[in-house]
Amino acid sequence: MKNRKTIFSASVLFFLGTYAYAQEKDTVKTANVEEVVILGSRSGARSKVDSPVPVDVFNIKESSLVLPQTNISQILNAIAPSFTSTVQTNSDGTDHLDPAQLRGLGPDQVLVLVNGKRRHTSALVNVNGTPGRGTVGTDLNAIPSFAINRIEVLRDGAAAQYGSDAIAGVINLGLKRDTGKLTGQFTYGGNLTPAANDHTGNFDGQNFQVDLNYGNKIGKKGGFYNITWTSQFRNPTSRAGTESGAIFNAYNAIEKRASNDGVNLSSLFTNIGNTPNSQQIVNYIHQYSQDVNYFSQDFQNQIQGANTIGALQGILGANVTDQELAYRGLDRKDFNMQVGQSKLSNHQLFANIEVPINDDWKVYTFGGYSFRQGTSGGFFRRPNQSRTFTAIYPNGYLPQIATDIQDLSLSAGIKGNWDGWNIDFSNTFGQNSFDYNIQNTGNTSLRFASPSEFRAGGLRFSQNTINLDFSKKYDVWQGINIAFGAEHRYENFKITAGEEASYATYDVNGNVWNGTTQRPTDFFGNALPGGSQVFGGFRPENAVNRNRQSVAGYADFEFNFTDWLLVDAAARYENYSDFGSTFNYKLASRVKLDKNLNLRLAGSTGFRAPSIHQIYYNVTSTLFTNSQLLEVGTFSNDSRIAGLLGIPKLKQETSQSASVGFTYRIPSVNLTFTADGYFTKIKNRIILTDQFTRAAVPEDAKIAFDEAGVGAGQFFANAIDTETKGLDVVIAHNARFSDVKLDNSFAMNLNQTRKVGNVHSSGLLESANLENTYFSERSRVFLEEAVPRVKATLSHSLSWKNASFYLRNTYFGKVTGADLVDANGDGIIGPNEHQIISDRVITDISVAYQFTKNVGLTLGVNNVFDIYPTRNLPVSTNNDQFIYSRSTSQFGQNGRYVFTRLNFNF
């Protein structure tokens, strides 16, 4: 800790010292080139500090040389304090898609644009226990970061300008337009940390990535094409502790000795309570128990004296884990879960093309295709569990969720000038799909007939957006810009059922269990569960194919009344086919109090339409609920069961936002200060409820649960109102000393989100005392305390001739784990009974050297001091498997990452 504080303090002194030196040095070359922004205004480029709303600009093309992160989500998490995204673990499809949040709001409350055009969201619905639970975000990692020139982040409500989802802000990804050269980089790295808990040593999570970009001119009037290809191969990390629970029981030991002699005990019965071979099984147990040499004489006597299966059941559940591990030549690490980052293979192609037709008009197209194959692990199925058919898996097994993620996008349009009007007509199509293939698993109810791999179905989301935009500047006062336009959007959401064995439970005759026929059991009489273990497939009744469309019109006015007063006004009307219409507005202003001092303020209303996924998504899964595994149905919002519980139809979230801030420049030393306070109130926020158990719901709902074959249900609902308030501070400084180039930056985000008012539940739920399930304590933690309330970065980039040095310290404030800890032992979880994950400082360092004009090399370390989150309390570790919280993390749990990168351009 002392070394980390020393580095951080030195970093602060370095920042202040270079600023002071720059003030005193007469020979400083200011060469102040202002960053301009396009986002947030339809009047064209404007200086960042003169914008009436806060916009961050990140030059990804330059920073990709020194940053250890290789995808957009993790790059933004490192450099933008208002942005939060971490790699998830043991959360099904979410392991391969990092939920991204802006200003502490939800992943679905930030709009993503590419070259100013709306980007489609992911097909995945985040229904697992992670930040952003219940939301549908945009898959930023489907776009290669090497295709990006720069990223603009508008930190202000902008739904009145850009439409649904822009409650927290807007992220615009600007694609490269480079021509006449081939650039590329080869990156190799991995996690060098003693926390790697497997049999491969202290280096895991190896990552190899190839990025290539080529561009050239088209014609002689500024046309171009720019193409990017990226391939990434990432190994998993192992951050589980050593399995400390019971693994083998005495029956497992006897079964193994019988198997060694060619006798398969499981072949003698399908249902232990109704088998004609009972005496034969008893005899075999008596015989082969004598081969277990570590059984005490007293225990042997108990076995030999038990002459019925019922009597043996009460004896053979005894824990013999340590002795049996020694006999089989195994250790406890062999039964660890796959905790950490998932295995990933990622291939992406992206293009950006523009061709002039004449001096006034040009056509353009951009888009790409990506294909990711990810593999993540579930909970280990141990031999002593009924979910393990030990006749096939005598040592248990670790089931794996293999996910095929395909993403396709294509935007095409024509833009130009007609009689002073700037016109842009475009069509943007996007599609994202998740297909699940469950591996190294089994449908236990099929016993010997079970395959080990299942096609479990998948999700697909498609979106097509047509835009027509007009804008024109008038030479009135200091300038007026008028913009208006229209948009039509069509969306489709589809769930495809998996193969029968992936979701069905079978009876003793191998037929689909109808609820009355006899089910196969294990030796102890436990019914063998159906479906592919770890992820049951989508059932035919889950399959949906739903559409919706929306139309919108907007107007945007910018008035430069004088050279010191700028006013922006925007209004937008939008109508959706599935829930109705909405009207929103925004007013923003910048007042120039001095040549270098600006005051800016904004107020707006906003909205987020419920995702089509949230309306129609439904699935049945095996989840850990109230300390037991239950079949849990996630029921669509329009389902009969939702109606029986009084769950209302989904409607839009509405918001009110206000912000006020200032910008201040000291041009002589290239120093800029910005500070912006903000407040956002959201009504009817959509959440995913907790799980209503069958025992707790009214009688008619119990019947519906039974018909659906579930023991619990959860639903999407407009359940709460929230308020978010915060402060963003950015200080930027750069200096030039002959061959030396120095850039310093400090940025900080303070934010707090809290639920306000009462939960919006029905009288039916109130009368049944189910409001705490409708919006639970765990849901409150995810909403209010799972994202750092304080996050700050202090970074320095120093270049001298052909060498450059980069240093960044990132402060992550404390968060609260969503794992529930009943500290009082009273069965009621209170607001103070949670795992507190303390604040941390993460230090990144890299050094780059350009050997020739065409070839350079970068060496770097992310998380130099190998910092990890606060360790879980024992009650939350699941037999020491989750050493760190899997539900909440400020920066992940992979530890130190070292990398090298070869850069070239020709």
Side-chain angles (χ1 to χ4, degrees), residues 38-45 111-121 138 152 154 158-166 170-175 222-223 352-367 408-431 462-474 480-492 547-558 568-578 580-586 604 606-609:
I38 299 174
L39 198 60
S41 171
R42 300 185 190 272
S43 66
L111 175 64
V112 177
L113 309 176
V114 177
N115 280 357
K117 305 299 180 183
R118 175 181 282 267
R119 174 79 178 174
H120 60 279
T121 61
T138 301
E152 295 177 324
L154 168 62
Q161 295 169 288
Y162 297 102
S164 178
D165 306 347
V170 182
I171 298 174
N172 183 44
L173 310 176
L175 300 176
N352 188 24
I353 304 170
E354 193 172 286
V355 181
I357 301 174
N358 53 41
D359 291 338
D360 295 320
W361 292 89
K362 61 183 70 173
V363 293
Y364 62 87
T365 184
F366 58 86
L408 173 68
S409 63
L410 181 64
S411 184
I414 182 170
K415 60 183 178 181
N417 185 279
W418 179 70
D419 195 26
W421 285 93
N422 296 310
I423 303 173
D424 188 346
F425 177 68
S426 65
N427 186 90
T428 301
F429 174 79
Q431 180 174 286
S462 303
Q463 177 179 284
N464 192 80
T465 307
I466 302 173
N467 289 98
L468 178 60
D469 303 300
F470 300 86
S471 67
K472 187 175 183 178
K473 291 184 178 180
Y474 290 91
I480 295 178
N481 190 82
I482 297 175
F484 61 92
E487 178 179 287
H488 176 272
R489 191 160 74 250
Y490 171 87
E491 296 177 339
N492 173 265
N547 307 313
R548 78 171 177 191
Q549 56 185 330
S550 67
V551 292
Y554 76 88
D556 197 327
F557 303 93
E558 183 175 290
D568 280 350
R572 186 182 186 95
Y573 172 82
E574 197 144 345
N575 181 271
Y576 283 78
S577 61
D578 54 357
S581 60
T582 178
F583 177 80
N584 294 277
Y585 61 86
K586 181 172 183 175
S604 66
F607 76 103
R608 189 190 73 81

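Since we're looking at a predicted model, the values are computed, not measured. Computed from heavy atoms alone, side chains included, the values below leave out hydrogens, waters and symmetry copies.
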Nearest 0.5 Å, please: how far is [atom2] in [Y] from [atom1] in [X]?
X: I480; Y: I482; atom1: CD1; atom2: CD1; result: 6.5 Å
X: T365; Y: L410; atom1: OG1; atom2: CG; result: 4.5 Å
X: I423; Y: N417; atom1: CD1; atom2: CG; result: 8.0 Å
X: S426; Y: I414; atom1: OG; atom2: CD1; result: 11.5 Å
X: K473; Y: N481; atom1: NZ; atom2: CG; result: 6.0 Å
X: I353; Y: S411; atom1: CD1; atom2: OG; result: 11.5 Å

Which heavy atom of [X] sits nearest a heavy atom of [Y], and at what distance?
X: A160; Y: R572; value: O-CB, 3.1 Å
X: F583; Y: A571; value: CZ-CB, 3.9 Å
X: N575; Y: S581; value: ND2-CB, 3.3 Å
X: K472; Y: G420; value: CG-O, 3.2 Å
X: E574; Y: G163; value: OE1-CA, 4.0 Å
X: G606; Y: A159; value: CA-CB, 3.7 Å

I'd like to know if the side chain of [X] reaches the main chain of [Y], judged simply by a donor and an acceptor atom lying under 3.5 Å from each other, with no hydrogens or angles considered.
X: R118; Y: Y162; answer: yes
X: S409; Y: G430; answer: no
X: N172; Y: G116; answer: yes
X: N467; Y: K117; answer: no
X: T138; Y: V112; answer: no
X: R489; Y: T465; answer: no

CZ (F425) with more than 12 external heavy atoms under 6.0 Å: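 Not more than 12 within 6.0 Å, no.
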
Verdict with supporting geometry, I466 and L468, side-chain contact (heavy atoms from CB on, under 4.5 Å): CA-CA 7 Å; I466 302 173; L468 178 60; over 6 Å; no

Plane angle bin for Y364 and F366 - parallel if under 30°, tilted between 30 and 60°, otherwise perpendicular: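 Aromatic pair F366/Y364 classed parallel.
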
So, applying side chain to side chain donor-acceptor pair (under 3.5 Å) with N464, which one of T428, N492, N427 is it?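 In the set T428, N492, N427, the residue that makes a side chain to side chain donor-acceptor pair (under 3.5 Å) with N464 is N427.
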
Set out, in order, the CA-CA distance, both residues' side-chain angles and the distance that settles ring-ring contact (aromatic ring centres under 6.0 Å, His included) for F470 and W418, then state yes or no. CA-CA 10 Å; F470 300 86; W418 179 70; 8.7 Å; no

Yes or no on side-chain contact (heavy atoms from CB on, under 4.5 Å) for N422 and D424, after CA distance, side-chain angles and deciding distance? CA-CA 7 Å; N422 296 310; D424 188 346; over 6 Å; no

Test log, rule side-chain contact (heavy atoms from CB on, under 4.5 Å), inputs Q549 and H488: CA-CA 7 Å; Q549 56 185 330; H488 176 272; 2.8 Å; yes

